[in-house]
S.K.: 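Here it is, the structure in full.
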Amino acid sequence: MSEAARLAVERAARESYGRLLAFLAARSRDIAAAEDALADAFHAALETWPRDGVPDKPEAWLLTAARRRLIDAARRAHVRHAASDELQHALELAQHDADEPEMFPDERLKLLFVCAHPAIDAAARTPLMLQTVLGLDAARIASAFLVKPATMGQRLSRAKTKIRDAGIAFAVPRTDELPERLDAVLEAIYAAYGSGWDDIAGADPRRKGLANEALELGALLARLLPAEPEACGLLALMLYCESRREARRDAAGGYVPLDEQDTTAWSQPMIEEADRMLVRAQRARRIGRFQLEAAIQSAHAARRHADQVDWEAIALLYEGLARIAPTIGALVGRAAAVAEARDAATGLTLLQSIPSNAVAGYQPYWALAAHLFARLGRTDDAHAARERAIGLCEDPAMRAFLLRRQN
Amino acid sequence: MNFSILIHENAEVFVKRSDPAQRAVLFAPIGAYLQALRDAGVFVGGAGLEPPQTATVLNPSGNGWQVQDGPFADTKEQLGGLVIIDVPDRERALEWARRFPALPGRRLELRANLIPPHQV
């Protein structure tokens, strides 16, 4: 019995944490207070459910308990600061809503927009989403972002204070603001995926885990904003990348470049889901950075049928990407694609047109430069560039791969 | 702002370093790393250190020193070398520290250097 009750609490925490918190925070406008209240409610559930049985509507039970604590806290604050009756009222309404399960709306989209609000420090946005929407603890997030837990804790609590004190609205932005605000949400989710993806060696399971969490956030966003093509585009992009995770390493853990990967090791269901997302995105006929990046990955994924890659198409997609989002990654990718589609010399010219101060610490630039110099028979230049690429490696498997080529 | 990347290594790593055959494999990626630091203009200085058993230790004795053979302390890991870099902030410093070739038995410590009084 007690075991079943404990599992019920865990299930509620896993499945409903983000929804419950979003609902409470959207009404109290105080994320930290909502978190505290929800944590108390979960504690109360752990105490009472084993004794009295699991309630029929666990979510409503948790919401009622959390709301009661929020009201108590607001009353205490009221005494101290003569806080608004409006808040009281909002909380009473929240209680009423919670009594009717179908009246318990999903406010996570609003919460995502709050987390990625322009007033919030960019470095705090992704961690804030992971903590509030997915319920990850600060220590876990800190390890994924390679900062001390105390630093991450401060960053998160500063952001929550800002949200409360600046009165940032829990609302989906107006149509005219939506594209820009949505970009910030997409960026924050992609940053979580990137922090998991960088650790391709899989040396740290906690970091690998964040890729899954980013996918979860991406899927949630695509579901909540089905009419926004970039939301689907981002999900497609992450799914294409994720589909190749197993193929990126050989049996000995060695790095396998994309064009040498065994396509049968790619995850077919993930590619199919990514294809569906990309098709859905493109129906809106509004091109964007993530759709273009997803389309590039889709062209690579096509190798599993055609056994060759349409580099002309990829070069064209990178051209578009370089126009709307000229990141260093896009520019290097374009040079690589052009080198394949036309010739190494043209690719190298494009590569070398990237400002040198932008590439001093960018490893893929030097790896590509080494590759293109080698194809042009410029052995010394290739050696020097590869040496630089080796020196900039973070991933031991990639470093070992380049060191083998160097000798 | 200067930071020191302190490289601590255990006995096995020091053994590898003394073996000419393994030495080249061990040092090749470090050489590339140091070159990348120089090319990026962040390298300030640094040194690889001879193994701890070659150390001479000076302990306080009266008003002076008592000189003894090392190592300094009987710990699992010993200082194997250090690199000093000049970067705008700790985030950048960490970015460079992460690129130092990882190896079982090797641990890194990143510390900000004190700012000399005349620069404060």
Side-chain angles (χ1 to χ4, degrees), chain A residues 121-124 142-148 150-152 154-155 191 194-195 198-204 207 253 255 356-367 369-370 381-407, chain B residues 1 3 5-7 9 12-13 16-17 20-46 48 81-112:
Chain A
D121 174 16
S143 80
F145 284 86
L146 296 161
V147 300
K148 292 183 200 158
T151 310
M152 184 54 78
Q154 280 164 4
R155 199 178 282 174
S195 80
D198 286 344
D199 183 47
I200 41 185
D204 187 342
R207 298 199 73 208
Y255 169 78
S356 62
N357 59 342
V359 300
Y362 191 66
Q363 197 269 354
Y365 174 94
W366 299 99
D381 290 330
H383 191 276
R386 196 174 297 114
E387 193 71 1
R388 187 98 178 247
I390 292 166
L392 291 169
C393 267
E394 247 182 57
D395 172 19
M398 169 75 87
R399 185 185 296 116
F401 173 82
L402 290 171
L403 278 165
R404 274 197 304 278
R405 295 216 161 164
Q406 191 71 314
N407 299 323
Chain B
M1 190 174 179
F3 286 84
I5 302 168
L6 306 175
I7 302 128
E9 292 170 332
E12 285 96 88
V13 179
K16 275 187 202 158
R17 277 175 33 165
Q22 297 190 65
R23 196 183 170 87
V25 178
L26 207 59
F27 284 159
I30 297 178
Y33 175 74
L34 295 173
Q35 193 54 45
L37 287 175
R38 285 192 192 92
D39 290 338
V42 301
F43 183 81
V44 175
L82 77 160
V83 182
I84 301 172
I85 56 174
D86 183 10
V87 289
D89 54 43
R90 196 175 189 93
E91 294 276 296
R92 297 290 92 70
L94 193 56
E95 213 174 277
W96 281 106
R98 292 181 66 194
R99 290 171 174 151
F100 196 95
L103 190 75
R106 176 182 288 154
R107 293 206 296 171
L108 302 182
E109 190 182 353
L110 179 67
R111 307 251 297 253

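Below, chains carry the letters A, B, ... as their sequence lines are ordered, and counting in each starts from 1.
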S.K.: Please name the pair of heavy atoms, one in Glu394(A) and one in Arg98(B), separated by the smallest distance, quoted to 0.1 Å.
M.R.: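 In terms of heavy atoms, the two residues are closest at OE1-NH2, 2.8 Å.
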
S.K.: Checking an interface table here. Which of residues 383-392 of chain A come within a heavy-atom distance under 4.5 Å of chain B?
M.R.: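 Within residues 383-392 of chain A, the residues that come under 4.5 Å of chain B (heavy atoms only) are Glu387(A), Arg388(A), Ile390(A), Gly391(A), Leu392(A).
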
S.K.: Just wondering, more than 12 heavy atoms not from Arg107(B) lying within 6.0 Å of its CZ?
M.R.: no

S.K.: Under 4.5 Å, counting heavy-atom pairs only, tell me which of Ser356(A), Gly361(A), Ala400(A) racks up the most with chain B.
M.R.: Gly361(A)

